[in-house]
Amino acid sequence: MINKDLSIDFLGVHFENPFCLSSSPVDNCYEMCKKAYETGWGGVVFKTIPPKRVLMDEVSPRFDELEKEGTPFVAFKNMEQLSEHEQEEDLAALRRLKEEFPEKVLIASIMGENEDDWTEIAQLVTEAGADMIEMNLSCPQMTSHAMGSDVGVNPDLCKKYSAAVKRGSDLPVLAKMTPNITDMAVVAKACMEGGADGIAAINTVKSIANVNLNRKIGLPIVNSKSSISGLSGKAVKPIALRFIQQLRMEKGLEDLPISGIGGIETWEDAVEFILLGASTLQVTTSVMQYGYRIVEDMKNGLMHYMDEQGVDHLEDLVGMANANIIPPEELDRDYKVFPKIDLDKCIHCGRCYLSCFDGAHQAIEWDEEERIPSVIEDKCVGCQLCNLVCPVGAISLGKVEMKPGRSGNPATKLV
């Protein structure tokens with residue numbers, strides 16, 4: 001059995017492994033967090049604690065899902081807001097968790113409507129024993145425009161509130177970013193200037209996942225109406241990875257400490273976030289599908305990956321892929337890669353021909369009688385659409401050819 005050390009130090013806090021529950025319905029009370037710790041999660045980001053005067057009045061129902069081929073939760077839409085408990089109940093839960101699980105990381109997510117709120121709640125969660133504070137600047141379905149993602153797109157407010165939190169606590173502070181913005185780096189820099197120590201990215205993406213075609217109402221339906229709210233799950237992973245890469249490539253943020261969030265379901269997902277610069281990882285939607293036990297699979301897979309890569313310390317993987325993702329104008333355009341069709345695997349369905357003719361460059365020839373595809377090299381541009389649509393993996397990367405007038409050794413191009 002492979003046993004690798006998954007521990008990592010992040011913002012001066014020691015995590016026994018990088019896997020944390022993100023601030024959400026999956027860790028909104030003592031009992032849930034206790035079970036998560038006992039299952040093997042390295043940390044929890046306790047569901048966002050608002051000012052004492054702000055009590056959540058949730059809608060019902062408040063969830064929807066985006067399905068694909070019968071598999072639920074390709075994406076998950078929620079109208080969930082902040083903690084529904086009295087503030088003192090949440091603070092008591094923090095105290096109890098830290099007393100019973102001193103070796104586990106306890107991160108308090110907080111949100112305020114003004115500077116005094118942010119400072120006061122930061123003081124309270126610090127006194128309750130939190131190891132770290134996460135500023136929720138990004139919830140997309142708040143009923144107050146003074147809170148949530150409306151704040152998270154305002155660099156001046158984010159800077160001011162970051163400073164307010166640091167006035168109330170000496171704990172490390174993460175600022176949680178909204179993806180509902182064009183340039184996250186501007187806000188991230190403002191937060192860091194205000195005193196934040198690192199960034200958590202991303203929160204959910206504003207969305208309408210489905211519309212009921214008969215009632216002509218978005219889902220979920222609440223008394224014949226619906227609302228735009230946050231999308232999470234596998235479908236948002238590409239968005240999360242894009243923002244994390246852009247943050248790490250921004251001048252002045254190359255070593256930015258990041259806690260990665262967004263569609264992490266498997267150990268492969270986790271490694272992708274780590275390679276792009278995330279030191280810790282936060283998970284919600286997959287827990288809602290499969291329960292806390294998924295952390296066992298993710299930890300086991302991550303250890304096997306480290307073993308295969310000859311890596312002893314998780315920190316050594318953080319950000320290893322950043323330098324290999326470059327601006328599009330810098331990509332090598334001197335060659336093309338032809339598809340290679342394995343006729344022994346081919347089931348003669350014609351998908352490659354159809355997709356190429358209707359969606360690419362008409363570079364697949366189709367023998368009607370034999371139902372056999374072949375590549376027309378004079379027309380092929382090497383886009384590899386046929387490779388992607390083949391349902392049985394009968395098409396792969398084939399020979400590499402330099403474009404006319406270009407020089408170079410094609411044998412090195414796919415290394």
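For the numbers below, each heavy atom of this structure counts, side chains included, while hydrogens, waters and symmetry mates do not.
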Engineer: With the side chain counted from C-beta on, respond yes when I110 and E134 share a heavy-atom pair under 4.5 Å apart, and no when they do not.
Structural biologist: no
Engineer: Below 4.5 Å, heavy atoms only, C-beta onward: do M135 and Y161 meet side chain to side chain?
Structural biologist: yes
Engineer: Indicate whether any N or O donor in one side chain lies under 3.5 Å from an N or O acceptor in the other, for S138 and S149.
Structural biologist: no
Engineer: Can you find a heavy atom in the side chain of L276 that is under 4.5 Å from one in the side chain of R248?
Structural biologist: no
Engineer: Would you mind reporting whether N17 and M298 have side-chain heavy atoms less than 4.5 Å apart?
Structural biologist: no
Engineer: Decide whether T204 and S232 meet the rule of one side-chain donor and one side-chain acceptor closer than 3.5 Å.
Structural biologist: no
Engineer: Given side chains that start at C-beta, do those of F357 and I364 come closer than 4.5 Å, heavy atoms only?
Structural biologist: no
Engineer: Side-chain donor-acceptor pair under 3.5 Å between E250 and Q245, yes or no?
Structural biologist: no
Engineer: Tell me whether the rings of F63 and F76 are parallel (<30°), tilted (30 to 60°) or perpendicular (>60°).
Structural biologist: tilted
Engineer: Quick one: does M79's side chain get under 4.5 Å of P220's, heavy atoms only?
Structural biologist: yes
Engineer: Applying salt bridge (charged side-chain N to carboxylate O under 4.0 Å, His left out), can you list everything that pairs with K413, at least two apart in sequence or on another chain?
Structural biologist: D332
Engineer: Give a yes-or-no answer on whether the side chains of N409 and T412 include a donor-acceptor pair shorter than 3.5 Å.
Structural biologist: no
Engineer: Can you find a side-chain donor-acceptor pair between S7 and E16 that sits under 3.5 Å?
Structural biologist: no
Engineer: With distance as the sole test, does S23 use its side chain to make a donor-acceptor pair with the main-chain N or O of T48 at under 3.5 Å?
Structural biologist: yes
Engineer: Quick one: are E265 and Q289 in side-chain contact, heavy atoms under 4.5 Å?
Structural biologist: yes
Engineer: Keeping the roles fixed (side chain from K336, backbone from C380), state whether a donor-acceptor pair exists under 3.5 Å.
Structural biologist: yes
Engineer: Tell me whether K104 forms a cation-pi arrangement with Y37, defined as NZ or CZ under 6.0 Å from the six-membered ring centre and within 45 degrees of its axis.
Structural biologist: no
Engineer: Taking atom types as modelled, is there a side-chain donor on S229 or K77 under 3.5 Å from an acceptor on the other?
Structural biologist: yes
Engineer: With a 4.5 Å limit on heavy-atom distance, are the side chains of K35 and Y292 in contact?
Structural biologist: yes
